[in-house]
Protein chains: 2
Amino acid sequence: MAKLQKSIDKRNALVKATIELVNNNGFHATPMSKIAKMAKVSPATIYLYFENKQDLVNQTYIEVKAEYTNYAFATYEENMSVEDGFELIWKRIADFKLKECEHAMFLAQCDNTPMIDEPSRIEGIKHLQPLLDLWQRGKKEGLVKPLSDFILYAYAINPLSFLMITQKRGAFQLNESHIEEAYQAAWDSIKVNK
Amino acid sequence: MAKLQKSIDKRNALVKATIELVNNNGFHATPMSKIAKMAKVSPATIYLYFENKQDLVNQTYIEVKAEYTNYAFATYEENMSVEDGFELIWKRIADFKLKECEHAMFLAQCDNTPMIDEPSRIEGIKHLQPLLDLWQRGKKEGLVKPLSDFILYAYAINPLSFLMITQKRGAFQLNESHIEEAYQAAWDSIKVNK
DNA sequence: TAAGTAAAAATGAACGTTCATTCTTTTTTT
DNA sequence: AAAAAAAGAATGAACGTTCATTTTTACTTA
């Protein structure tokens, strides 16, 4: 009861500030004092919502990861064909990475550093199951190469992270036709060549 | 003259310690004191070889990146066919990422965080030209899809980083046949479908 | 070759700062 | 008016960096 009374707005502001500061400065240059300042809150207040800095980052990671996978699978239904299902999920993921770029960047940074502790990382992986099931079905139907999920993920999904980061750094501008090209490359890499 | 007298061994030990500690603990949890201890050197000695912590990380990044690209292109020759050239370079890169896993992990972490400053990052990109030239040739010959280098890189090369990181985390074990499968996926994603 | 010496390299301890976290007090809510 | 939430100031630890000193190296001279 006590916890529910606490303003959810403050918690959200803290999570938001964490994402923004870690994205721009890195975890190593994101002190609690700056997070507090950006969230317009006293440093002490952070500790009413989070155990410590690690907990703040872990919870932020898990929340953003859940938001990501929810978005990815929101319109997917299991009775779709493998090809339609894959295209739908892939494009939802692309959409998320472009529209919620800040959140996707934060995930990329977490996934490539020891910034997140192992339990939180494992928690974050759980939600990908619908995609793995889809691939399983695709393998059975002879449409998807019989590869391990890791390799399928590496070629079908992960390249989007690279493109997003590259775009964020200003190296080039992703547009609609790039997305279509990338989707074709993704599908070509995992589909069975007839 | 003065600088050349300084023991190159100590510098190397510092670079090595930086890679190892940043890999295992992240930049944020790698104090100069630990780097010094691991390199069996006084903290003060670091400042004889490097301006400050940022400079140490920047120089380490540039060195490892150069080592990586040197390895990738060591046996490549420009008169090779596009297909042979690509397979050769790709497999050299895969080789490096598996054999020099620590170094490759360090690069991945640098490339996905604001840990490295922008000039050093730009310096690190320079050496990839032979691969871009090969793709250019492949496009002219109608063998490689007419995509931007960023997209080609995202699908042909970058997935190896994901596989390497996943393997390092112990999620699965990469073997020879995985490498062959991954190579096929890479080529399938960028080659023109006849 | 051996002794002497000046410069360079290396060191451990110390400095000032910044950090995550806690303490005490004030403000807000019920 | 009691309890919960929030605040600012305070705290001790840890950090990057520098300082004062010692050790090692390279070179000169006998």
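Throughout, protein chains are lettered first and strands after them, A, B, ... in sequence-line order, and every chain is numbered starting at 1.
Following rounding to the nearest Å, Phe50(A) (CZ) and dA20(C) (P) show an atom-to-atom distance of 15 Å. Rounding to whole angstrom units, NZ of residue Lys40(B) and P of dA10(C) are separated by 16 Å. Between Leu14(B) atom CG and dA9(C) atom C1' the separation is 13 Å, expressed in whole Å. As a whole-Å value, the separation of Asp9(A) CG from dA6(D) C1' is 15 Å. Rounded to whole Å, the distance from CD1 on Ile35(A) to C1' on dC19(C) is 12 Å. Rounded to an integer number of Å, the gap from NZ of Lys37(A) to P of dG8(D) is 11 Å. Straight-line distance from the CE atom of Met32(A) to the C1' atom of dT21(C): 8 Å, rounded to whole Å. The distance from atom NE2 of His28(B) to atom P of dC19(C) is 14 Å, rounded to the nearest whole Å.
Listed for the Trp90(A) side chain is a donor-acceptor partner under 3.5 Å among the backbone atoms of Ala156(A). Not a single donor-acceptor pair under 3.5 Å links the side chain of Gln109(B) to the backbone N or O of Gln109(A). A donor-acceptor pair under 3.5 Å is absent between the side-chain atoms of Lys40(A) and the main chain of Ala13(A), judged by distance alone. Checked by atom type and distance alone, the side chain of Arg169(B) never pairs as donor or acceptor with a backbone atom of Glu118(A) at under 3.5 Å.
Neither OP1 nor OP2 of dC19(C) sits under 4.0 Å from any side-chain N or O of Lys53(A). Proximity of Lys10(A) to the phosphate of dA5(D): no side-chain N or O atom is located under 4.0 Å from OP1 or OP2.
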Short N/O separations, protein against nucleotides 12-17 of chain C, under 3.5 angstrom:
unit_1: dG12(C); atom_1: N7; unit_2: Ser42(B); atom_2: OG; d: 2.9

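Taking the six-membered ring wherever Trp is involved, the centroid distance between the rings of Phe150(A) and His178(B) does not fall below 6.0 Å.
The pair Lys139(B)-Asp149(B) meets the salt-bridge criterion, since a charged nitrogen lies less than 4.0 angstrom from a carboxylate oxygen.
Checking Ser33(A) against Ile46(B), the closest nucleotide of DNA chain C that is more toward the 5' end is the one next to Ile46(B).
Relative orientation of the Phe96(A) and Tyr71(A) rings is tilted, given thresholds of 30° and 60° on the angle between their planes.
Distance from the side chain of Tyr47(B) is smallest to dT18(D) among dT18(D), dT21(C), dC19(C).
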